[in-house]
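Remarks on the structure that follows.
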Protein chains: 2
Amino acid sequence: MNISELAQHLDVAVSTVSRVLSGNAEKYRISQKTEQRIREAAKKFHVVPDPLGAGLRRGKIGMVGLLVPDITNPFFSHLARAVESKLRNRGIAVQLCDSNEDPETELDLLRNLMSRRLDGLIVAPVGVSGEQLASTLRRSPFPTILLDRILTGVDAPTIAIDNRAAGSLAANCLLELGHTSIGCLRGNPLSRSDRDRLAGVEDALQRKGDASPNLLVSGEGYSAEQSRAAAEALLQREDRPSAIITLSGQGILGTLEVAREFGISLPDELSLVAFDEQPWSPLVHPPLTTISQPIEKMAEKAAEILSSQLDGETSAQSAGSHIFEATLIKRSSVTIPC
Amino acid sequence: MNISELAQHLDVAVSTVSRVLSGNAEKYRISQKTEQRIREAAKKFHVVPDPLGAGLRRGKIGMVGLLVPDITNPFFSHLARAVESKLRNRGIAVQLCDSNEDPETELDLLRNLMSRRLDGLIVAPVGVSGEQLASTLRRSPFPTILLDRILTGVDAPTIAIDNRAAGSLAANCLLELGHTSIGCLRGNPLSRSDRDRLAGVEDALQRKGDASPNLLVSGEGYSAEQSRAAAEALLQREDRPSAIITLSGQGILGTLEVAREFGISLPDELSLVAFDEQPWSPLVHPPLTTISQPIEKMAEKAAEILSSQLDGETSAQSAGSHIFEATLIKRSSVTIPC
DNA sequence: CTGACTGGCGCAAACGTTTGTTCCATCGTA
DNA sequence: TACGATGGAACAAACGTTTGCGCCAGTCAG
C-alpha cells in the first residue's frame, strides 16, 4: 500500500499524508488529530513513502556509493563498516561496489555509479588508476570524496594518511636497530600510496648519510601470487636483506609463507615491518610490528565531510586534504640483525 | 542532461530516445539512422536514462539488498564480494548493510531495506535473531534469500553448510588422535549454526560410546572480549581440555591470545581446530587446522537463485534449502595429547 | 457588519522514465 | 485512382512522491 491509497482510505489528501509521513506535519500546520490518525493507519498497514517517488521529486535518494578495491582486505572492510554505520546515523544508505583491484572494473563501476542518481560518492581508488579515472571523477554530478589514496588532478576532498611519513616511520624503526640492508615489498609500483611509502623509506635512509643502508625493492601487484613472487625474489638473493618492509597490507602473508619455506629463522635472520594492523598481527609467528592507520577516524571524517556537503556546504572546511598520521605498533618481528 | 532534453535537442520524441537507450530499438522498429543519431548524441553528452524514473515506471530498480552481521568478518566479506560480483554480471547492484552482530540493528536495517523499493534481498541473519526477524521477513515484498544461517519459520530459500556434519568433522579429527577432553568455544549460544555445530560435536563424541570424552563448553558472544573471556574460562580450569574447537570464526583469535598469555605450549599441550579458513590460518603459530566453507560456491548459488527469482521463477528448483559441505584443512595445530 | 487574518487542508504540477496506442506517410497492389 | 499494409515515430498515461499555492471556514478587531 502506498501513501495515495492510504490517503484514499482515510479520506484525506495525498499531500496531507505525505506531509505527516515525512515529518513536516507542523511545518504545514496539520492538526494533531489528523496527524495521529494518519500515523496510526500508516503503522497499521506498514505504509512508508516510496523512496523512488520521493527521490524523483526531491532529486535526492538518501544513498551514497562506496567504491573500494577489495572488501576482503581488512583495511577496507573496516573502513566500509565504519563509513556505513556513520552514514546510517545520518539517514544515508550505502551502495557497495568492489572493483577487485582491477582498474578496468573500477572505471566501469564508477561510470555505473555516476549514472545512478546517488547523493554522493566515496571512492577508495585502485592505486594504479590514472588520468582516465581522474577525468571521470571530475565530471561527477555529485559530491565525491577520495579515500585512502590520493589522486592528483581531482580536487575532491581527500582523506588519507601521510604515507611518506609512515614509510619513514617503518624504516627508522629498522635503522635504529642497525639494519644495513632493507627490502621493500611493494603492493603495486604504479600506486601513489605505494610510491609515497617507498619515498618515505628512502627519506629515512638518506638521513643516515654515508652509512645509508642498501635498499632492495620488489613487487608488482597486490595479489597473493604476486606478493609471494616478490618475496621469493627478495629472499633468494645473494645479498638477502636483513629486514623487509611490506608496503601493502597483503604483502606480509606471502612474505611469511616464503620465509617459512626457505627455512629462514624469524626474526633473527629477518626482521619484518608490515603495513596495516590486523587482528591476527600479534598472533602470527613472530608477532608483527605494524604500521597502523586510524581507520575509524578516517571513516568518521569521510562521513562528516560527505554529509556536510550533502547539506549544501561548499565551505573551505570540507575541501582540501585531510591527512592523518599512522602509528607504529612495535612487536617482536623486529630485532637487531645477526 | 536527461533523455527528454536530449530528445528535444535532436527533435525526436522522448519515447524514441527511451526505446533506443534501453535497447528496444528494433522491437519498436526504430530506423537505423535514428538509432545511430541518438546513440551518438547520448554518448557525446553522457546521457543515461535515470534509474529513478525508470525504476518508478518499471517497478524495478535493479538493486538488491545484502544484510550481513559483520563485514569485517572475512567469511562475510568474501561472501559479499562474491555475491556482488556475480550479481553485477547480471546487471544488478548491491546495497550493503552491516548489523554489527546486533539483532536490534538488524531488525531496523531490515525494515529500512524492505521499505526501499528493492528487487530482492539476501540476508545473513545474526544468529540469535528470533521470531521477530522471521515475522518481518515473512512479509517481505520481494524475493528473499537466507544465507549462512538457517531461520526456522521462514520459507525463503536457504543457503548454508551442514553445520552439524561440520561439527562432527572437527570433533572426529581430535577423537582419532585420542583426545579425551575437548573444549568448545561457542560464538553465541542462541545462534542456530552454533547449536548445530555443537550438536555435531556431541554426535561424534557419542559415537565413541563408553570412551566418550569430556565436553566443556564456553562462550556467549562473537565479540573479541567475549571470545577472550570464554577462552580464559576454558583454559584456567583444573581439568583443562587437551583440545579446543572454536565454533565461530572469530573465536580463535582470543583463544590463541589467552593460550599464549597462559604460557600453554601449542600444540603439545593444546590442540586447536578453528571454524573458517582464513588467509592467515597457515601463518599463525601453530598453523591452524580449520573447517573451511565453500564460500564462492555459496555466493554463486545465492546469486543464481536470486536472479532466477527476479526473472519471475517460482520453480521448485530455487525453493528449499541448499546445503553445502564443509571440509577439514589439516595443519599442525592438532596433535596427539600429551 | 465588514475586512483582515489564520489554521487546516486540498489541488495540481513536476520529477524522468516506459510503453500501449495512435497517427502519418509511403509503398505495393488491384 | 483507391485502398489496405507496413514501417517509423509521436502522444499521453502512468509510476509515487513532494510542495507551492489557493481555498474555505472560522475568529477577531475595527
Side-chain angles (χ1 to χ4, degrees), chain A residues 1-39 41-42 45-63 91 93 114-119 141-142, chain B residues 1-39 41-42 45-63 91 93 114-119 141-142:
Chain A
M1 180 139 90
N2 54 32
I3 70 168
S4 19
E5 290 169 333
L6 184 64
Q8 206 167 343
H9 179 115
L10 293 179
D11 203 39
V12 295
V14 215
S15 46
T16 307
V17 177
S18 169
R19 296 194 236 255
V20 168
L21 259 36
S22 48
N24 293 324
E26 71 287 5
K27 176 179 168 191
Y28 287 98
R29 298 176 313 202
I30 307 297
S31 69
Q32 302 271 341
K33 201 175 55 177
T34 313
E35 180 172 359
Q36 272 312 313
R37 218 157 61 91
I38 293 179
R39 286 226 128 83
F45 297 114
H46 301 109
V47 174
V48 180
D50 184 329
L52 252 61
L56 192 55
R57 168 66 218 229
R58 285 214 175 103
K60 301 196 159 209
I61 200 196
M63 174 140 93
M114 287 184 16
S115 78
R116 293 181 113 71
R117 176 82 73 86
L118 299 171
D119 299 340
F142 33 69
Chain B
M1 180 140 88
N2 54 32
I3 69 168
S4 19
E5 289 169 334
L6 184 64
Q8 206 166 345
H9 179 113
L10 293 179
D11 203 41
V12 295
V14 217
S15 45
T16 308
V17 178
S18 168
R19 296 193 234 256
V20 168
L21 260 36
S22 49
N24 292 324
E26 70 288 5
K27 177 179 168 191
Y28 287 98
R29 298 177 313 203
I30 307 296
S31 70
Q32 302 271 342
K33 202 176 54 182
T34 313
E35 179 172 359
Q36 272 312 313
R37 217 157 61 91
I38 293 179
R39 286 227 128 84
F45 298 115
H46 301 111
V47 174
V48 180
D50 184 331
L52 252 61
L56 191 56
R57 168 67 219 227
R58 286 214 173 102
K60 302 198 156 203
I61 199 196
M63 176 140 91
M114 287 185 14
S115 78
R116 288 178 121 63
R117 177 83 72 86
L118 300 171
D119 298 339
F142 32 70

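Numbers restart at 1 for each chain; the letters A, B, ... are given by sequence-line order, proteins then strands. Keep in mind that this is a model prediction, so the values were computed, not measured.
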Checklist line | Those residues that, when tested against A:R39, pass salt bridge (Lys or Arg N to Asp or Glu O under 4.0 Å) (two or more places apart) | finding: A:E35
Margin query: Run the salt bridge (Lys or Arg N to Asp or Glu O under 4.0 Å) test against A:D50 and tell me which residues pass, sequence neighbours left out.
Written below: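 Result, salt bridge (Lys or Arg N to Asp or Glu O under 4.0 Å) vs A:D50: B:R117.
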Note to self: Can you list everything that forms a side chain to side chain contact (heavy atoms under 4.5 Å, CB included) with B:A93? Sequence neighbours excluded, please.
What the structure shows: A:Q95, A:R116, B:M63
Next item on the list: Would you please name every residue forming a side chain to side chain contact (heavy atoms under 4.5 Å, CB included) with A:E5, sequence neighbours left out?
Entry: A:M1, A:N2
Quick one: side chains of residues 11-24 of chain B, donor-acceptor pairs under 3.5 Å with protein atoms, not counting sequence neighbours, listed by atom name and distance.
| from | atom 1 | to | atom 2 | distance (Å) |
| --- | --- | --- | --- | --- |
| B:S22 | OG | B:S18 | O | 2.6 |

Value in whole Å for how far the [atom2] atom of [N] lies from [atom1] of [X]:
X	N	atom1	atom2	value
A:F45	D:dG16	CZ	C1'	19 Å
B:R116	D:dT17	CZ	P	14 Å
A:E26	C:dC9	CD	P	13 Å
A:L21	D:dT17	CG	P	9 Å
B:R117	D:dT17	CZ	C1'	11 Å
B:R58	D:dC15	CZ	P	16 Å
A:K27	D:dC21	NZ	P	13 Å
B:N2	C:dT18	CG	C1'	14 Å

Notebook entry, point to check: When the C1' atoms of the five terminal pairs at each end define the local axes, what inter-axis angle does the helix from C:dC1-D:dG30 to C:dA30-D:dT1 show, to 10 degrees?
Noted result: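 Angle reported: 70°, given to the nearest ten degrees.
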Next item on the list: Describe the nucleic acid contact of B:V48 in one word from base, sugar-phosphate, nothing, applying a heavy-atom distance below 4.0 Å.
Entry: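 B:V48: backbone/sugar contact only, no base atoms under 4.0 Å.
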Atom pairs under 3.5 Å: protein N/O with N/O of nucleotides 23-28 of chain C:
none

Next item on the list: Please name all residues satisfying ring pair (Phe, Tyr, Trp, His ring centres under 6.0 Å) with A:H9, sequence neighbours left out, ordered by chain then number.
Entry: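 In terms of ring pair (Phe, Tyr, Trp, His ring centres under 6.0 Å), with neighbours along the sequence ignored, A:H9 is linked to A:F45.
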Margin query: For A:Y28, give me all partners under ring pair (Phe, Tyr, Trp, His ring centres under 6.0 Å), at least two apart in sequence or on another chain.
Written below: none
Notebook entry, point to check: Is a side-chain donor or acceptor of A:D119 paired with a backbone partner of A:K60 at a separation under 3.5 angstrom?
Noted result: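 Not confirmed, A:D119 side chain does not pair with A:K60 backbone.
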Next item on the list: Only counting residues at least two apart or in another chain, list the ones meeting side chain to side chain donor-acceptor pair (under 3.5 Å) with B:S115.
Entry: none
Next item on the list: Would you indicate whether the side-chain heavy atoms of A:F142 and A:L118 approach each other to under 4.5 Å?
Entry: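 Yes, side chains in contact.
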Notebook entry, point to check: With the sugar-phosphate defined as primed atoms, P, OP1 and OP2, and the base as all remaining atoms, what B/S/- string results for nucleotides 7-12 of chain D, 5' to 3', for protein heavy atoms under 4.0 Å?
Noted result: BBSBBB
